[in-house]
Participant: 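Sharing a structure with you now.
Below, all heavy atoms of this structure are taken into account, side chains as well, without hydrogens, waters or symmetry copies. Numbers here are sequence positions counted from 1.
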Amino acid sequence: MGKIKFLFILFFFCLVAFPVLSQDIEVEGYFQQDSAKLGERVAYVLKAKYREGVNVIFPDSTFNFSPFVLLEKKTYISKTQDEITLDSAVYFVSNFSLDPVAKLSLPVYEIFRYDSLEHRPLEAELALKLTLDQIPQELSFRDNNVYLPIPTEFNILFLGAILAVVAVLVLVLIFLFGAKIKRQWNIWLEKQKYKRFVKRWQNAEAAFATNPDMDQADELLGLWKTYMEHLKNKPFREWTTTEIADFLDNKEIIKDFRSIEMVIYAGKEGKDIVETCNNLKEICTDSFKKKITAQDESK
């Protein structure tokens, strides 16, 4: 009975002594400035004094610092004097709350074998420093209707895709309609050459009619042979008049040539120069029409 009473007294003494011993830790926490702007970096100092043999830890980054945000933590080496140890740490935080005063109290944990005890200092206050003295009730806006150019980046991939699609379409068109497109292109070129010939022929004919000398006659006949050589792909400039007549199966052309050659070789003015020029021109026109008709009908 005496042993049970002794154990009961001992257990009661431990319950009473445990909180008394735990009061040996002194905790202090404060900001190094009274006020700060929104988001400004502020230092919060946390100190703890305790007797030797006590195991304490400070909060780390996993702690909830709300309404503050932890930016950095700096710790310092413990100092012991007269069996009293001093631990300290500096927490750099930022306040993003719009409350006029933000409060913070970081705990220090006393660690036991199977439990821990929390020691908190008094709440430290930090006043919010506003950059605007007063926000107006109605905001005034300044009119500005000037458009500012927005630079855009050149999309090379998009351009490459467009060029690839265009290339494919061109290849498809060439495969399906290449022969027809080529024929139409050649006909168009031939028509342009005929228009240039007609213009030059009219100028040469007018000059020959005004001044029927050897130079004008040679220019007119040379123009006709050059164009016929292009249309027929034969050496008209190297052929004689008889060879040309045989090739064209047109004996009447000999008279026309003779009329112009009389001016070239004999220096005499031929008869019916206008009719001769029209006959030669009609031969070129017929040959031109036959050529484009043959190209259009070819497959």
Participant: Ignoring hydrogens and geometry beyond distance, is a side-chain donor-acceptor pair present between D99 and S97 at under 3.5 Å?
Facilitator: yes

Participant: Of the non-hydrogen atoms in Y44 and G29, which two are nearest, and what is the gap between them?
Facilitator: OH-CA, 3.4 Å

Participant: May I ask whether V168 and V165 are part of the same hydrophobic cluster, defined by side-chain heavy atoms of I, L, V, M, F, W, Y residues being less than 4.5 angstrom apart, directly or through others?
Facilitator: no

Participant: Using side-chain heavy atoms (C-beta onward) and a distance below 4.5 Å, is H119 in contact with P107?
Facilitator: no

Participant: Could you tell me if the side chain of L126 sits less than 4.5 Å from the side chain of V101, heavy atoms only?
Facilitator: no

Participant: Using side-chain contact (heavy atoms from CB on, under 4.5 Å) as the criterion, point out the one residue from F68, F58, F63 that pairs with Y91.
Facilitator: F58

Participant: Taking the side chain as every heavy atom from C-beta outward, state whether W224 and C284 have any pair of such atoms under 4.5 Å apart.
Facilitator: yes

Participant: Just do the salt bridge (Lys or Arg N to Asp or Glu O under 4.0 Å) check on E190 and K291 with the steps written out, would you?
Facilitator: CA-CA 9 Å; E190 203 62 52; K291 184 174 182 179; 3.3 Å; yes

Participant: Please determine whether residues L221 and F247 belong to a single hydrophobic cluster, defined as Ile, Leu, Val, Met, Phe, Trp and Tyr linked transitively by side-chain heavy-atom distances below 4.5 Å.
Facilitator: yes

Participant: Centroid separation under 6.0 Å, is that true for the rings of F112 and Y114?
Facilitator: no

Participant: Taking the side chain as everything from C-beta on, heavy atoms only, tell me whether N95 gets closer than 4.5 Å to V42.
Facilitator: no

Participant: Under 3.5 Å, side chain of T240 to main-chain N/O of E243, donor-acceptor pair present?
Facilitator: yes

Participant: For residues W201 and C277, report the shortest heavy-atom separation together with the two atoms involved.
Facilitator: CZ2-O, 3.4 Å

Participant: Treating Ile, Leu, Val, Met, Phe, Trp and Tyr as nodes and any side-chain heavy-atom pair under 4.5 angstrom as an edge, say whether Y30 and V93 lie in one connected cluster.
Facilitator: no

Participant: To the nearest 0.5 Å, how far apart are CD in Q33 and NZ in K129?
Facilitator: 7.0 Å

Participant: Indicate whether the side chain of T85 and that of S78 have a donor and an acceptor atom separated by less than 3.5 Å.
Facilitator: no

Participant: Check step by step if side-chain contact (heavy atoms from CB on, under 4.5 Å) holds for L98 and L38.
Facilitator: CA-CA 8 Å; L98 295 178; L38 195 68; 4.0 Å; yes

Participant: Does atom CD1 of I77 have more than 12 heavy-atom neighbours, drawn from other residues, nucleotides or ligands, at distances under 6.0 Å?
Facilitator: no

Participant: I'd like to know if the side chain of E40 reaches the main chain of K37, judged simply by a donor and an acceptor atom lying under 3.5 Å from each other, with no hydrogens or angles considered.
Facilitator: yes

Participant: Nearest 0.5 Å please: distance from the CG atom of L280 over to the CG atom of L220.
Facilitator: 7.0 Å

Participant: Is there a chain of hydrophobic side chains (I, L, V, M, F, W, Y, each step under 4.5 Å between heavy atoms) that links Y109 to V27?
Facilitator: yes

Participant: Is atom CD of E83 surrounded by more than 12 heavy atoms (other residues, nucleotides or ligands) closer than 6.0 Å?
Facilitator: no

Participant: Is it the case that S287 and Y227 place a side-chain donor and acceptor less than 3.5 Å from each other?
Facilitator: no

Participant: So, D60 and T62: side-chain donor and acceptor under 3.5 Å apart, yes or no?
Facilitator: yes

Participant: Can you give me the closest heavy-atom contact between E229 and F236, atom names plus distance?
Facilitator: OE1-N, 3.2 Å

Participant: Stepwise, does the side-chain contact (heavy atoms from CB on, under 4.5 Å) test hold for R41 with E72?
Facilitator: CA-CA 10 Å; R41 181 185 174 99; E72 184 184 359; 2.5 Å; yes

Participant: What are the two closest non-hydrogen atoms of D246 and K251, and how far apart are they?
Facilitator: OD1-NZ, 2.6 Å

Participant: Just checking E118: does its CD atom have more than 12 heavy atoms from other residues, nucleotides or ligands closer to it than 6.0 angstrom?
Facilitator: yes

Participant: Look only at the side chain of D218 and the backbone of M214, and say whether a donor-acceptor pair between them is shorter than 3.5 Å.
Facilitator: no

Participant: What verdict does the side-chain contact (heavy atoms from CB on, under 4.5 Å) test give for K193 and F197, after you've listed the backbone C-alpha separation in whole Å, the side-chain angles of each residue and the deciding distance to 0.1 Å?
Facilitator: CA-CA 6 Å; K193 292 178 181 179; F197 164 75; over 6 Å; no

Participant: Tell me, do I253 and L248 make a side-chain contact under 4.5 Å, heavy atoms counted?
Facilitator: yes

Participant: Could you walk me through whether N279 and E252 pass side-chain contact (heavy atoms from CB on, under 4.5 Å), step by step?
Facilitator: CA-CA 9 Å; N279 293 337; E252 298 296 328; over 6 Å; no

Participant: Using atom types as modelled and distance alone, determine if a side-chain donor or acceptor of D115 lies under 3.5 Å from a backbone N or O of I111.
Facilitator: no

Participant: If Ile, Leu, Val, Met, Phe, Trp and Tyr residues are connected whenever their side-chain heavy atoms lie under 4.5 Å apart, and connections chain through other members, are V170 and W185 in the same group?
Facilitator: no

Participant: Could you report the tightest heavy-atom contact between E125 and F31, atom names first, then the distance?
Facilitator: O-CD1, 3.7 Å

Participant: Is any side-chain heavy atom of L122 less than 4.5 Å from a side-chain heavy atom of S105?
Facilitator: no

Participant: Is it true that, when you exclude N233 itself, more than 12 heavy atoms of the residues, nucleotides or ligands shown sit nearer than 6.0 Å to its CG?
Facilitator: no

Participant: Report yes if the side chains of E205 and N278 come closer than 4.5 Å at any heavy-atom pair, otherwise no.
Facilitator: yes

Participant: Looking at I84, is its backbone amide N or carbonyl O close enough to the side chain of K79 to form a donor-acceptor pair, meaning the two atoms are under 3.5 Å apart?
Facilitator: no

Participant: Enter the distance from F65:CZ to L70:CG here, rounded to the nearest 0.5 Å.
Facilitator: 4.5 Å

Participant: Kindly compute the distance separating CG (L46) from NZ (K73), expressed to the nearest 0.5 Å.
Facilitator: 8.5 Å

Participant: Could you report the tightest heavy-atom contact between W239 and K225, atom names first, then the distance?
Facilitator: O-NZ, 4.2 Å

Participant: Is it the case that the side chain of T226 and the backbone of G222 share a donor-acceptor pair, with hydrogens and angles ignored and the cut-off at 3.5 Å?
Facilitator: yes

Participant: Under the criterion side chain to side chain donor-acceptor pair (under 3.5 Å), I'd like the reasoning laid out for Y76 against D87: C-alpha separation, chi angles, the key distance, then a yes or no.
Facilitator: CA-CA 7 Å; Y76 299 90; D87 271 345; over 6 Å; no

Participant: Quick check: are there more than 12 heavy atoms from other residues, nucleotides or ligands sitting under 6.0 Å from CD of Q81?
Facilitator: no

Participant: Counting N and O atoms only, with roles assigned by atom type, does the side chain of E110 sit under 3.5 Å from a partner on the main chain of V56, one being a donor and the other an acceptor?
Facilitator: no

Participant: State, with a plain yes or no, whether a side-chain heavy atom of K234 is found less than 4.5 Å away from one of M228.
Facilitator: no

Participant: For I156, does the CD1 atom have more than 12 heavy-atom neighbours from other residues, nucleotides or ligands under 6.0 Å away?
Facilitator: no

Participant: State the CZ-CG distance between R113 and N55, to the nearest 0.5 angstrom.
Facilitator: 14.0 Å

Participant: How long is the straight-line distance from CD1 of I292 back to CG of N186, given to the nearest 0.5 Å?
Facilitator: 12.0 Å

Participant: Answer yes or no: is there a donor N or O on one side and an acceptor on the other, between the side chain of N211 and the main chain of A207, under 3.5 Å?
Facilitator: no

